[in-house]
Amino acid sequence: MQRLNRNFFTRDVLIVAPQLLGKYIVRRFSDGTTRHYLITETEAYRGEEDKACHARKGKTPRTRVMYGEGGLVYVYLVYGIHWMLNIVTGDENHPQAALIRSIKNIEGPGRVTRHLYIDKAFYGEDLTGSTRLWLEEGIRPPHYTAGPRIGIEYAGDKWKNKPWRFKTDKPD
DNA sequence: CCAGTGATCAGG
DNA sequence: CTGATCACTGGA
């Protein structure tokens, strides 16, 4: 299979997030085994003006990687328990990322990272060069539905209602 | 419905 | 330094 290259990631998150559906996350574990996971749900977080995006507070130690170029990994801990896996998108200094909410048979961003053994050690990982985590072309582009993002009540009406969550339709 | 759990960040 | 907050999950 073909690894997704830099050009795939350095586009606007509103293009990349839905296009991640039907692609494979590939994880090579320390024991040498490699597994593929089909992406089935993503969310877009877009720029400092997006009141739901962590970059709304500007560049901080945590959000720094989002200011890098597309294709890097943004991982953070939420509620002291769950690691969230995000793919940085867009050009340098355009802080954006796509949250991986679900992979086939595993719904929920915290469950995804638990199954893939992903934590802060992957912060800043380059998906175009890593030997333990990357993305590959997958099945034909699936039909999908867009809806509001989850868990961002704090963002206010304008931003919490944007249909920036993308989910593969049932049969797929 | 709600508690758990700890990194992160704004404010003193 | 302190305290509030949090892109969630699992178990009443």
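If you're wondering where the values come from, they're calculated on a predicted model, not measured in any experiment. Residue numbering restarts at 1 for every chain, and letters A, B, ... go by the order of the sequence lines.
Within the structure, every pair that satisfies the ring-ring contact (aromatic ring centres under 6.0 Å, His included) test and touches residues 13-34 of chain A, not counting sequence neighbours, is listed here: A:Tyr24-A:His36. Within the structure, salt bridge (charged side-chain N to carboxylate O under 4.0 Å, His left out) contacts touching residues 116-135 of chain A (residues at least two apart or in different chains) are A:Arg6-A:Asp126, A:Glu125-A:Arg132. Within the structure, every pair that satisfies the salt bridge (charged side-chain N to carboxylate O under 4.0 Å, His left out) test and touches residues 150-159 of chain A, not counting sequence neighbours, is listed here: A:Glu153-A:Lys160, A:Asp157-A:Lys160.
One atom, CD of A:Glu107, and another, C1' of C:dT9, lie 13 Å apart when rounded to the nearest Å. Atom CZ in A:Arg111 sits about 12 Å away from atom P in C:dC8, given to the nearest Å. Atom CH2 in A:Trp83 sits about 12 Å away from atom C1' in B:dT5, given to the nearest Å. The nearest whole Å value for the distance from the CD atom in A:Gln96 to the C1' atom in C:dA7 is 16 Å. One atom, CD1 of A:Ile81, and another, P of C:dA7, lie 14 Å apart when rounded to the nearest Å. Atom CD1 in A:Ile106 sits roughly 15 Å away from atom C1' in C:dT9 (whole-Å rounding). A straight line from CG of A:Leu77 to P of B:dT5 spans 13 Å, rounded to a whole angstrom. Atom pair A:Asn86:CG and C:dC6:P shows a separation of 17 Å (rounding to whole Å applied).
Without hydrogens or angle criteria, A:Thr63 side chain to A:Met66 main chain gives no donor-acceptor distance under 3.5 Å. Put simply, the side chain of A:Thr34 never gets that close to the backbone of A:Val26: no donor and acceptor are under 3.5 Å apart.
For the pair A:Tyr76 and B:dA7, the ring geometry does not qualify as stacking, because the centroid separation below 5.5 Å and plane angle under 30° are not jointly satisfied.
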Show the atom names and distances, to 0.1 Å, of all donor-acceptor pairs under 3.5 Å that link a side chain in residues 45-52 of chain A to residues at least two apart or in another chain.
from, atom 1, to, atom 2, distance (Å)
A:Tyr45, OH, A:Glu43, OE1, 2.6
A:Arg46, NE, A:Asp12, OD1, 3.0
A:Arg46, NE, A:Asp12, OD2, 3.1
A:Arg46, NH2, A:Asp12, OD2, 2.9
A:Glu48, OE2, A:Tyr67, OH, 2.5
A:Asp50, OD1, A:Ala52, N, 3.0
A:Asp50, OD1, A:Arg149, NH2, 3.1
A:Asp50, OD2, A:Arg46, N, 3.0
A:Asp50, OD2, A:Arg149, NH1, 2.8

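Secondary structure note: stems in DNA chain C built from 3 or more consecutive Watson-Crick or G-U wobble pairs under 3.5 Å occupy B:1-4 with C:8-11, B:6-11 with C:1-6.
Residue A:His82 places no side-chain N or O under 4.0 Å from the OP1 or OP2 atom of C:dA7.
In summary, the side chains of A:Gln96 and A:Thr89 do present a donor paired with an acceptor at a separation below 3.5 Å, with no hydrogens or angles considered. For the 3.5 Å distance criterion, the side chains of A:His115 and A:Tyr37 fail to qualify, holding no donor opposite an acceptor.
Across all strands shown, A:Arg114 has heavy atoms under 4.0 Å from sugar-phosphate atoms exclusively, and none from any base. Residue A:Ile152 is classed as a sugar-phosphate contact, given heavy-atom separations below 4.0 Å to backbone atoms only.
Minimum heavy-atom separation, A:Val65 to A:Gly124: CG2-CA, 3.9 Å.
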Considering only nitrogen or oxygen atoms on both sides, find all protein atoms under 3.5 Å from nucleotides 8-10 of chain B and state each distance.
from, atom 1, to, atom 2, distance (Å)
B:dC9, OP1, A:Thr60, OG1, 2.3

